[in-house]
S.K.: 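The structure follows.
We name chains A, B, ... by the order of the sequence lines, and we start the count at 1 in each one.
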Amino acid sequence: MRVTPVSRTASLAVGSAAVAMCIVTGILTESGSSSQHAGLEALVRMLTVAAPIAVGLFALRRPPFERFGAQLLVAGVVWWLTTLGNAEDETLYSIGRIAQWVFEPALLYLLLAFPTGRLTTRLDRILVWASVLIVAILYMPTALLVETYPVPSAVSSCTTGCPHNAFNVSGSEPAFIEAVVRPLREILTISLFAVVAVRVAQRLRGASRLARRALAPVLAVACFRCAAFSCVLIGRRLAPDADVVAASVWLLTLAVPLTAVAFLVGLVRWWVFIARSTQRLASRLHAHSSPEDLRVALAEAFDDPSLAIVYWLGNGAGHWGDAEGHPVAAPSATAGRAVTTVRDGDHVLAAIMHDAALEDDRAFIDAATTYAVMTLENHRLSAQTSSLLRVVRESRARIQAAADDERRRIERDLHDGAQQRLVALRIKLELAAERTSDGNGNGAEGAAALRKLGDDVEDAIDEVRSLARGIYPASLADHGLVAGLRAAALHCSLPTTVLAAGVHRHSREIESAAYFCCLEALQNAAKHGAGATGAVIEVRDDSSLRLEVRDDGAGFDPEKVTPGAGFTNMRDRLAAVSGELSITSSPGRGTRVAATIPLEETKRPGS
Amino acid sequence: MLTVDDQALFRGIARDVIDATPGFESVGEAASGEEALEAVARLDPELVLLDVRMPGVDGIEVARRLRVTHPGTRLVLISVEDASDLPSATEVPSVPLVRKQDFGPRLLTAIWRDHGT
C-alpha cells in the first residue's frame with residue numbers, strides 16, 4: 001500500500017473529527033462516572049483518545065511515515081470506540097467493551113511495525129495473526145454468551161452495577177467461560193505481549209544506530225504495557241477490589257497515550273539523527289574529498305564500517321569499477337547486504353553496498369546519497385578516465401608486443417632462411433675452389449674466381465646480418481637486455497661502455513622497450529652529440545628497471561630544441577610498459593637520458 | 001667429429017666439408033642441444049662443432065656443460081653472427097667462436113692445429 005501524504009485540508013477535517021470524538025468521550029465519561037473526580041476522569045479519557053490520533057496525524061503528513069501514521073490513526077479511532085465503555089446505555093457500553101478486544105491486535109501490530117508500518121519478518125506476522133485468532137476465537141464469541149463483561153476494565157470507569165451485555169443471546173452464561181475460556185485467553189494474551197516485548201528488544205539489538213534510537217522508547221512502553229496488563233488480569237482474578245488492581249487499570253489506560261508519545265519520541269529522534277548525520281556528512285564532503293574520504297564519511301553517517309562504493313563506468317553499455325577504474329562484479333544484494341543505486345537524473349553514477357538493516361532508513365539513505373552525488377560524480381569520472389587510460393595503455397602494449405613479435409619472426413626467418421642458404425653457397429664455393437686447385441698451380445685461376453664469388457656471397461651475408469640485427473638483435477632475443485646492449489655497444493661508432501650487474505631477465509615487452517630506448521639514445525649520442533668521446537649505458541634492476549644513457553657530447557638546450565621522432569619513439573616504447581623518460585642536457589655538458597620501467601611481473605631466470 | 005646444428009642444410013654442408021678434409025671423419029650429427037649432450041656421451045667424439053643459436057638448450061649452454069663433463073673434448077662454437085653480435089658466445093673459456101661462412105677444410109685444419117698447440 002502506497003500512502004501519499006495527506007493534504008492540509010484533509011488533516012484539518014480529521015483533526016476536527018478527532019476533537020468531536022474527544023468531546024463525545026468527555027461527555028460519556030462524565031455522565032457515566034460515579035466517581036467524585038468525574039471531571040478529571042473525563043479529561044484523562046479525552047487525552048487517551050487525543051494522543052494516538054494526534055501522533056497519527058503528525059506522522060501521516062511526514063514521509064516516510066505516512067503508512068504508519070494512517071495505521072495509528074485507525075487504531076486511535078478503534079481506541080475512541082473503547083471509551084463508549086463509560087456509557088450507561090447497554091449497547092454503547094457493550095460496543096466499547098468489544099472495541100477493547102479489537103484494539104489489542106491493532107496495538108500489537110503497531111508495536112511490531114513501527115516505524116515503517118510494515119511487518120518485516122515471518123515471526124512478526126505470526127504474532128499478529130496469533131493475536132487476531134485469540135480475539136476471534138476466545139473473545140468475540142463470548143459476547144453472545146455472557147451476561148456481563150469482566151470488571152474492573154481499563155476502558156470503563158464502572159466497577160459495580162455496570163450495564164449488562166446487550167448482545168447476550170444465551171440467557172445464562174455457560175460455566176466453561178469462567179472456568180476455561182477466560183483463564184486461557186488471559187494467559188495467552190499476557191504471553192503474546194511478553195513475546196512482542198522480546199521481539200522489539202531483539203529488533204533493537206540488530207538495528208542500525210538510527211533505528212535503535214527510534215525503537216528504544218517503543219520497547220520501553222511495550223514492556224510497561226505488558227507489565228500493567230499482567231497486573232490487571234492477574235489482580236482481577238486474585239483480588240478484584242485491591243487498590244493495586246485499580247491502579248494497574250489506570251496504568252493500562254494511560255499506556256495508550258504513553259505508547260503514542262513513545263512513537264512520537266521515536267519519530268522525532270529519527271529526524272534529529274538524520275538531520276545531524278546529513279549535516280555532518282555535508283560538512284565532510286567537498287570537491288576534493290578522496291574516494292576513501294567519501295567512503296569513510298558515508299560509512300560513519302550510515303553507521304556501517306563495511307560500506308563500499310562502486311562506480312558505473314561508461315555511458316550506456318559500461319561496467320562497474322572501483323575508484324581506480326578496475327573492473328569489479330556488478331553489485332548485488334546478498335545475505336545481510338543491500339545495494340543503493342545512486343543516480344543523477346536518469347544517469348546511474350554509483351552503487352553503495354551497505355548493511356541491509358539500513359533499508360529501514362530509506363529516507364535517510366536517499367538524503368545522504370543526495371548530498372554525496374556531486375562528489376560521487378567526480379570520483380566516477382576520475383575512475384572512468386583511469387579505466388580508459390588503462391584500456392589505451394593495454395592496447396598500446398599489445399600493438400607494441402605484436403610489432404616486436406613480428407620483428408623477431410622476420411629476424412628468425414632471415415637467420416634460418418636466406419642467411420643459411422648464403423652460408424651454404426659460400427662453403428660450397430670454397431669446397432669447389434679446393435677441388436679445382438690441385439696445389440701445384442693447376443686450376444689456380446678457376447679457384448681464384450670461385451673464391452672471388454665466395455667473397456661476394458660473404459658481403460651479401462654481412463648485409464643480411466646487419467639488416468637482421470637492426471630488426472631484432474639475436475643477442476637480445478636469446479640472452480636478454482644486457483647482452484643485447486653489449487652487442488649494440490660493440491657496433492656503435494661511439495666508444496660505449498655498458499655498466500650492468502645483477503640485472504635479471506624480464507618480460508619480452510620490457511626487455512624490448514628498454515633495449516630500443518637505449519639504442520635510440522645511443523644512436524642520438526653518436527649522431528647529434530658532436531665532439532662526444534664516449535657514452536655510458538647504465539642498467540640497474542631493483543623495484544624498477546632503471547636505464548641511463550649519457551654522453552660527453554655538445555648537449556643541447558631542451559627549452560629551444562624540439563624533441564624529434566627519436567624521443568617520441570622512446571616515450572611511446574616506454575609508455576607501453578608504464579615506463580617514464582627524462583632527458584637532461586645543457587649546451588657543452590653532454591646529454592643524459594634516463595628511463596624507469598616499473599617491474600610488477602615475476603622476473604625470468606638467467607641474466 | 002660431431003656436428004650439432006638445428007638446420008639440416010648446414011649439417012649436410014658440414015658433412016661435405018669433413019669428407020673433403022683429410023684426417024677428419026664424421027661420427028654423428030645432432031639437431032638440438034639435448035641431442036648433442038646425449039650424442040657426446042654415446043659417441044665420445046674428439047671434436048664437436050656447435051651451432052650457437054638453437055631452440056631450447058643453445059650451443060653456448062651445451063659448451064658450458066661439456067667443458068665440465070668432457071674436459072678433453074675439443075669444442076668449437078659456430079654461428080652466422082660474429083663475436084660482436086654474440087658477446088656471450090665468447091665467454092665460454094677455451095671454446096673458440098668461428099663464423100659459419102668461413103667454415104671449410106682450411107678452417108677445420110687450422111682449428112685442429114691451433115687447438116693442438
S.K.: Tell me, for B:D82 versus chain A, whether the close heavy atoms (under 4.5 Å) come from the side chain, the backbone, both or neither.
M.R.: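 For B:D82, backbone and side chain are both near chain A.
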S.K.: Are the charged groups of B:R11 and B:D6 less than 4.0 angstrom apart, N to O?
M.R.: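 A salt bridge is absent here (no side-chain N lies under 4.0 Å from a carboxylate O).
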S.K.: For B:F103, is it the side chain, the backbone, both, or neither that has a heavy atom closer than 4.5 Å to a heavy atom of chain A?
M.R.: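 Both backbone and side chain.
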S.K.: Do B:R106 and A:E430 meet the salt-bridge criterion of a basic N to acidic O distance under 4.0 Å?
M.R.: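 Between B:R106 and A:E430 there is a salt bridge, with a charged N closer than 4.0 Å to a carboxylate O.
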S.K.: Does any heavy atom of chain A fall under 4.5 Å from the side chain of B:Q7, the backbone, both, or neither of them?
M.R.: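 Answer is side chain: those atoms of B:Q7 sit under 4.5 Å from chain A.
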S.K.: Taking only heavy atoms into account, what residues of residues 409-425 of chain A are found under 4.5 Å from chain B?
M.R.: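 Against chain B, the residues of residues 409-425 of chain A that fall inside the cut-off (heavy atoms, under 4.5 Å) are A:E411, A:R412, A:H415, A:D416, A:Q419, A:Q420, A:R421, A:V423, A:A424.
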S.K.: Can you name the nearest heavy-atom pair linking A:I583 to A:T591, along with the distance?
M.R.: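 Residues A:I583 and A:T591, closest heavy atoms: CG2-CG2, 4.3 Å.
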S.K.: Are there residues of residues 16-50 of chain B that reach to under 4.5 Å of chain A by heavy atoms, and which ones?
M.R.: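 Checking residues 16-50 of chain B against chain A gives B:D16, B:V17, B:A20.
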S.K.: For A:L450 and A:L429, work out which heavy atoms get closest and say how close.
M.R.: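 What the structure gives for the nearest pair is CD2-CD2, 3.9 Å.
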S.K.: Identify which part of A:R465 has an atom lying under 4.5 Å from any heavy atom of chain B, answering side chain, backbone, both or neither.
M.R.: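 Contact with chain B is through the side chain of A:R465 alone.
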S.K.: A:A525 and A:D551: which non-hydrogen atoms are nearest, and at how many Å?
M.R.: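 Closest approach of A:A525 to A:D551: CB-OD2, 3.4 Å.
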S.K.: A cation-pi test, strictly: NZ or CZ of A:R407 under 6.0 Å from the centre of the six-membered ring of A:Y472 and no more than 45 degrees from its axis. Yes or no?
M.R.: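 Here A:R407 fails the 6.0 Å and 45° test against A:Y472.
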S.K.: Do B:D51 and B:K100 sit within salt-bridge range, that is, some charged N less than 4.0 Å from a carboxylate O?
M.R.: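 Here B:D51 pairs with B:K100 in a salt bridge, since their nearest N and O are under 4.0 Å apart.
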S.K.: What part of B:I60 is in contact with chain A, defined as an atom under 4.5 angstrom from a non-hydrogen atom: side chain, backbone, both or neither?
M.R.: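 Only the side chain of B:I60 comes within 4.5 Å of chain A.
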S.K.: Closer than 4.0 angstrom, basic N to acidic O: yes or no for B:E81 and A:R469?
M.R.: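 Looking at A:R469 together with B:E81, the answer is no, because their closest N to O distance does not fall below 4.0 Å.
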S.K.: Between A:R573 and A:V577, is any pair of side-chain heavy atoms under 4.5 Å apart?
M.R.: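 Contact flag for A:R573/A:V577 side chains = no.
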S.K.: So, A:D456 and A:K452, do they make that salt bridge, N to O below 4.0 Å?
M.R.: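 Salt bridge between A:D456 and A:K452, a charged N being under 4.0 Å from a carboxylate O: yes.
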S.K.: Which bit of A:I427 comes within less than 4.5 Å of chain B, counting heavy atoms only: side chain, backbone, both or neither?
M.R.: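 Both backbone and side chain.
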S.K.: Minimum heavy-atom separation for A:L481 and A:V539, please, with both atom names.
M.R.: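 Distance-wise, the nearest heavy atoms are CD2-CG1, 4.0 Å.
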S.K.: Indicate yes or no: at least one non-hydrogen side-chain atom of A:E548 is less than 4.5 angstrom from one of A:V593.
M.R.: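 No, side chains not in contact.
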